[in-house]
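Reading through the structure tokens given below for one structure.
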Amino acid sequence: MPITMGLLLGLSFVVSLLALSFLIWAIATRQFALDRAHAATVFGKGGADGPDTDGTHLFDTTGIDRVSARPVRLLILGAIFWLVLGSTFGVIASLKLHWPDWLNQAAPLTFGRMRALHLNLVAYGWLSQIGIACMFWILPRIFRTPLRAPQLPVIGFWIWNIGVALGALAFSQGWTDGEEWLEFPWQLDTLLVLAGVFFVVPLVKTARAREVDHIYVTGWYFLAAMVWFPCLFFIANLPGIHYGVEEATVNWWFAHNVLGLWLTPLGVGTAYYFIPKIIGKPIYSYSLSLIGFWGLALFYSQVGIHHLIGGPLPTWVVTLSVVHSVMMFIPVIAVAINQHVTVARNLWALKESLPLRFISFGAVMYTLASFQGSIEALRSVNTITHFTHYTVGHAHLGAYAFVSIVMFGAAYHIMPRMVGRDFAHPGLIRLHFWLVVLGFAIYFFALTIGGLLQGLAMLDATRSFAESVILTKPWLEARSVGGTMMTLGHILFAINVIGILRKPRAIAQSAVAAE
Amino acid sequence: MNRYLPLVLIAFGILAFATLMLVIAPGIQMAQRTVPEGLRPYSEQESRGRKQYVSLGCVYCHSQQPRSPDQAPDVERGWGRPSVAGDYVFDRPHQLGTMRTGPDLLNVGVRLPSESWHLTHLYQPRAIFGWSIMPAYPYLFEEKAEAGPEDTVVVLPEGFGPESGVVVARPEALDLTAYLLALDRTYPIPEDALRDDGYARKESGS
Amino acid sequence: MTRTSKQTASRNVKPGEDFEPWESHNRVPLLVIWIALALGVWGTALLFQDQSSYSVAQGERAADEVAAHDAPEGGAALFLANCSTCHQPNGVGVRLAVPPLQDSEFAKAGPEVVAQIMLRGIDGPIRVKGFTFDGHMPSFAAALDDDEVAQLASYVAGRFGGADATLGRDQVGELRDAHAGSGSWQGGAELAGLVPGLPTQPAMPAMAQAGPDPAISDLIFAGKGDVWSCASCHGGLGQGAESTPRLAGLSQGYIVKQLRDFRAGERQNEQMSFVAKELSDFEIEGVATYYAGLRVDSTARPALGGDLARGERIALQGDWSLGVPACFSCHGPSGFGVGADFPALAAQQPAYLASQLAAWAGGHRNNSPLGLMDRISRALPESDRRAVADYLASLPAVPAVEQKAMARIEGGGDEL
């Protein structure tokens with residue numbers, strides 16, 4: 001077999017392997033010993049200032065939360081707005097797949113545009129925004145210093161939301177860049193980039209002003225995501241230079257990195273913070289945190305081309321992505337041990353804390369979604385699942401069951417601490433939990449089974465293409481049922497959050513921390 | 001880890017490496033290969049139709065990348081030979097797609113070369129395929145009492161058209177159809193063509 | 001792992017608000033490192049495996065490129081590849097169907113005559129060695145270059161006619177120019193002008209010179225209010241493409257039966273049912289007559305990645321281990337079709353053929369006489385379906401081509 005250029009390039013995988021080996025060696029030989037001494041002493045000056053006394057921040061013992069509260073509140077509200085809107089569009093798109101003649105009289109209502117609206121509103125309106133809210137809440141806390149330049153993110157919030165709103169208008173009018181995950185017209189991308197500057201600057205300033213030596217693992221994920229996402233977004237949206245199959249590789253390099261290097265760090269970082277925070281116990285192992293984080297960086301960044309397996313691009317790029325996808329088992333197992341062991345030893349906390357229920361459920365879904373993704377990237381499996389609804393189910397396992405549900409929990413944890421009182425109706429939170437979990441279960445299993453059947457039918461030349469369409473219909477209907485339940489859950493989420501914000505203060509005085 | 005700058009720099013470096021591997025290197029490799037002789041750029045009308053295709057989001061249900069017979073029976077369904085990187089050099093934005101809720105379209109202009117078939121199908125897919133779940137696109141057409149001399153009348157079976165008068169195609173429908181009919185990658189490919197060959201196996205017995 | 005749990009398990013109390021997360025220092029479980037190692041080895045192996053797949057595919061592409069340019073060399077090889085499926089390897093022909101070459105008047109007339117027949121094909125009755133045949137020979141003008149025609153003609157005339165003369169490439173070039181655009185030989189009657197001393201040749205039957213009925217012609221080229229035109233999908237000359245079949249040269253009876261089956265729902269295809277439901281018996285017969293009479297060169301070529309040698313074996317000999325008879329045993333030598341029940345296969349679009357074999361195998365098509373094709377298709381594995389479809393697509397169209405028609409195809413289908 002000749003040694004070709006492609007093989008040499010493919011062996012760049014070895015570079016990732018070497019980097020990982022170096023990391024494991026470094027851990028084993030205690031190169032990080034200096035850090036380790038600090039790891040346990042994150043928590044320095046807290047409590048010295050004494051509890052907040054004006055009664056509005058019952059839980060805020062340090063005065064840090066007060067500064068973050070305004071941008072975080074705005075970002076959460078904005079995120080919820082887009083969540084409700086975006087998931088409504090999702091339900092409409094889902095219904096259209098089995099009622100194709102419903103709502104069909106104008107171009108803005110067509111499936112292709114509804115789907116683009118759904119994806120972009122939930123990705124950029126909801127997930128990104130709630131993730132940024134968590135950054136603004138968590139980073140000052142782990143750095144033990146109030147947020148710097150807190151007025152900037154407020155400006156950023158408005159620019160971001162105007163950008164998303166204009167984007168929504170643009171899609172419905174058919175103005176799109178035409179690639180999945182990159183639909184935003186590049187002219188509007190500049191708004192998002194500008195907003196990003198307003199978000200990143202205060203966070204970097206806060207990081208540089210931190211009052212702890214050690215950066216807790218959540219901080220690694222957040223700080224890295226703040227570098228990764230702008231780079232990805234900028235390169236992928238550069239107008240005029242990408243074309244043809246090269247554009248497709250950029251497309252999927254971006255689309256998967258938006259999940260892997262943006263939404264995943266947001267979700268994993270948030271879970272890494274709130275799980276020990278709520279339970280009150282440390283994370284299992286600092287070394288595993290290192291493997292989990294650097295493994296994610298090394299492997300996740302090169303998986304994108306598994307969306308083009310069997311496509312018109314060089315074999316070696318596809319293989320490279322397949323291999324890296326499977327290597328994702330390593331960081332995922334590391335994170336799983338770290339987070340799940342902490343929860344499993346403290347199951348009592350699940351009974352006491354509703355936010356933890358959301359967050360640890362989401363964390364488990366991260367493990368499952370990643371395992372599924374690694375297996376799905378194998379050529380033999382991908383042949384069946386590629387081009388089918390199975391992939392859509394997988395995407396929602398990651399973006400919804402993992403990131404969104406972690407974010408629900410984070411919001412439920414943050415809100416009482418931000419407004420200084422508790423939720424009046426925990427029952428509604430429980431209902432929200434069960435609606436989205438059961439709804440998602442229906443959604444996921446319907447698409448997974450339907451997608452597999454569809455894929456098998458498409459692989460069999462003796463079955464007509466029509467068969468692959470007809471057999472999916474009942475599963476698509478089930479998906480609509482699940483999706484509707486999830487959307488009802490989101491409306492409940494909105495009611496809960498608005499409810500806690502609107503509650504008169506007098507009642508709040510008697511509230512107890514019900515965590 | 002306790003330092004901000006190294007963390008950020010290494011994170012950036014890793015992403016830069018991934019970009020080199022996933023975007024820049026294959027981009028350079030593909031740009032060096034011969035463009036197939038049979039490929040031609042889209043005409044003005046076809047480009048307008050392509051914009052319709054993009055803006056209506058056809059890509060969310062239709063791929064444009066037939067797979068190799070080593071992997072899947074795409075060729076037997078009439079979707080055309082496995083596509084190669086050179087087939088797409090005129091495509092901006094690319095519309096490779098990752099879903100086959102509907103069939104692959106890279107060679108639909110060869111398989112279904114009838115303009116009037118496409119107009120019927122765009123106006124109401126269920127007029128032809130009762131089981132179809134494709135959206136209808138009535139807003140690409142208009143109803144008229146009587147067709148003018150320039151009008152393209154849509155062939156419709158009973159029960160699918162208006163009660164009186166005819167359905168004629170708007171320019172948008174004609175552009176979109178022109179694009180669909182231009183989808184033809186059945187010409188031979190150059191020897192140095194690139195595609196994912198990961199499913200190719202030495203055939204036993206030959 | 002257990003040590004830490006003992007320490008903490010006893011303190012299941014809610015933490016204070018000022019608790020901030022931190023990491024304890026448990027060691028990395030060995031299992032994680034083993035998994036990492038195993039995956040690393042697996043990943044490297046996969047890189048090499050896929051690299052070998054790439055080499056295989058690259059080799060196939062190169063071989064296709066070579067095959068496209070290098071046909072078999074030498075008269076004998078060319079004869080086997082192009083002539084023997086009809087005229088038989090020993091040149092004795094097929095009784096009542098394909099004229100013999102051995103000792104035939106035409107082979108004896110020398111390579112120049114043979115070459116001229118090959119360049120134009122025959123379409124009309126011809127009398128050879130005392131028997132009259134319904135001559136339908138394809139033109140090889142497009143399939144073979146001057147050199148190949150020269151070698152082949154010399155070989156045929158020498159082996160079967162005992163002629164000593166050989167033909168050069170340049171002479172063939174001149175013949176090709178002289179005959180360009182003349183269409184096929186109208187049976188033995190026209191050839192009599194070329195070969196002196198032939199026995200009396202049968203007269204050409206009176207051809208219906210008039211085109212089809214205007215109503216039929218409208219239906220074919222413009223469609224009716226409620227159906228698309230035939231030509232809009234099947235091409236201006238019924239040549240077909242991909243999964244749309246070639247109609248040109250299919251027998252009238254076969255086309256009529258299929259259209260009736262579509263109309264009655266006995267053959268399923270949503271698009272053809274849409275059309276056939278609106279057709280009267282008169283229209284069906286008119287359309288069928290039109291397409292049966294079309295003389296169009298093949299536009300099909302192997303495209304399914306099938307193994308042509310395997311396809312040829314199935315077409316010529318069948319595969320008795322699978323219980324599959326030779327295609328040509330029913331569909332006629334070279335697959336040019338027999339009657340209403342056995343359509344012509346030569347030059348049919350490969351994707352269409354493969355899709356029909358798949359449809360029979362999957363039970364989506366069941367209008368084959370006696371269920372013959374159902375059984376055969378079920379017996380063929382997927383790779384054989386592609387192989388035989390590709391092989392049949394590589395055969396020249398029968399009957400021969402009307403040059404004017406080809407000029408129209410090549411000139412662009414717009415006017416059609």
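Chain letters run A, B, ... following the sequence lines, proteins first, then strands; residues in each count from 1. On a predicted model such as this, the values are computed, not experimentally measured, just so you know.
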What one should report as the nearest heavy-atom pair of B/Val75 and C/Ala303 is CG1-O, 3.8 Å
Check: C/Ser53 side chain, B/Ala200 main-chain N or O, donor-acceptor pair, under 3.5 Å: yes
Is it the case that atom CZ in B/Phe129 sees more than 12 heavy atoms from other parts of the structure closer than 6.0 Å? yes
Residue pair C/Glu242 / B/Trp79, side-chain heavy-atom distance below 4.5 Å: no
Looking at C/Gln51, C/Arg61, C/Glu60, which hits side-chain contact (heavy atoms from CB on, under 4.5 Å) with B/Asp197? C/Arg61
Looking at B/Gly80, B/Gly198, B/Gly78, which makes the most heavy-atom pairs under 4.5 Å with chain C? B/Gly78
Counting only non-hydrogen atoms closer than 4.5 Å, does C/Glu278 touch chain B with its backbone (N, CA, C, O), its side chain (CB onward), both, or neither? neither
All side chain to side chain contact (heavy atoms under 4.5 Å, CB included) counterparts of B/Leu181, not counting sequence neighbours: B/Glu115, B/His118, B/Thr177
If every non-hydrogen atom of B/Pro69 is compared with every non-hydrogen atom of C/Gly305, which pair is closest and at what distance? CG-CA, 4.4 Å
Pairs involving residues 97-113 of chain B, ordered by first then second residue, that meet salt bridge (Lys or Arg N to Asp or Glu O under 4.0 Å) (sequence neighbours left out): B/Asp74-B/Arg100, B/Arg100-B/Asp104
Highest number of heavy-atom pairs under 4.5 Å with chain B among C/Gln349, C/Arg385, C/Arg301, C/Glu270 belongs to C/Glu270
For the student: nearest non-hydrogen atoms of C/Trp228 and B/Ser114, plus distance: CB-OG, 4.2 Å
Under 4.5 Å from any heavy atom of chain C, what part of B/Pro188 do you find: side chain, backbone, both or neither? both
Could you check whether any side-chain heavy atom of B/Arg77 comes within less than 4.5 Å of a side-chain heavy atom of C/Ser243, counting everything from C-beta outward? no
Give, as side chain, backbone, both or neither, the part of C/Lys277 having an atom under 4.5 angstrom from any heavy atom of chain B. neither
Hey, could you give me the NE2/CZ distance between B/His121 and C/Phe274, rounded to the nearest 0.5 Å? 11.0 Å
Sort out for me which of B/Val166, B/Thr120, B/Leu194, B/Asp192 touches chain C most, counting heavy-atom pairs under 4.5 Å. B/Thr120
Indicate yes or no: at least one non-hydrogen side-chain atom of C/Val275 is less than 4.5 angstrom from one of B/Trp117. no
Taking a cut-off of under 4.5 angstrom between non-hydrogen atoms, the residues of residues 141-161 of chain B near chain C are B/Val155, B/Leu156, B/Pro157
Measure distances from C/Arg310 to the heavy atoms of chain B and classify the residue's part below 4.5 Å as side chain, backbone, both or neither. neither
Is B/Pro113 close to C/His234 at the side-chain level, that is, under 4.5 Å between some pair of heavy atoms? no
Below 4.5 Å, heavy-atom pairs only: which of B/Asn107, B/Leu112, B/Asp196, B/Thr186 has the largest tally toward chain C? B/Thr186
Those residues at least two apart in sequence (or on a different chain) that pass salt bridge (charged side-chain N to carboxylate O under 4.0 Å, His left out) with C/Asp390 are none
Counting distance only, does the side-chain N/O of C/Gln58 pair as donor-acceptor with the main-chain N or O of B/Glu191 below 3.5 Å? yes
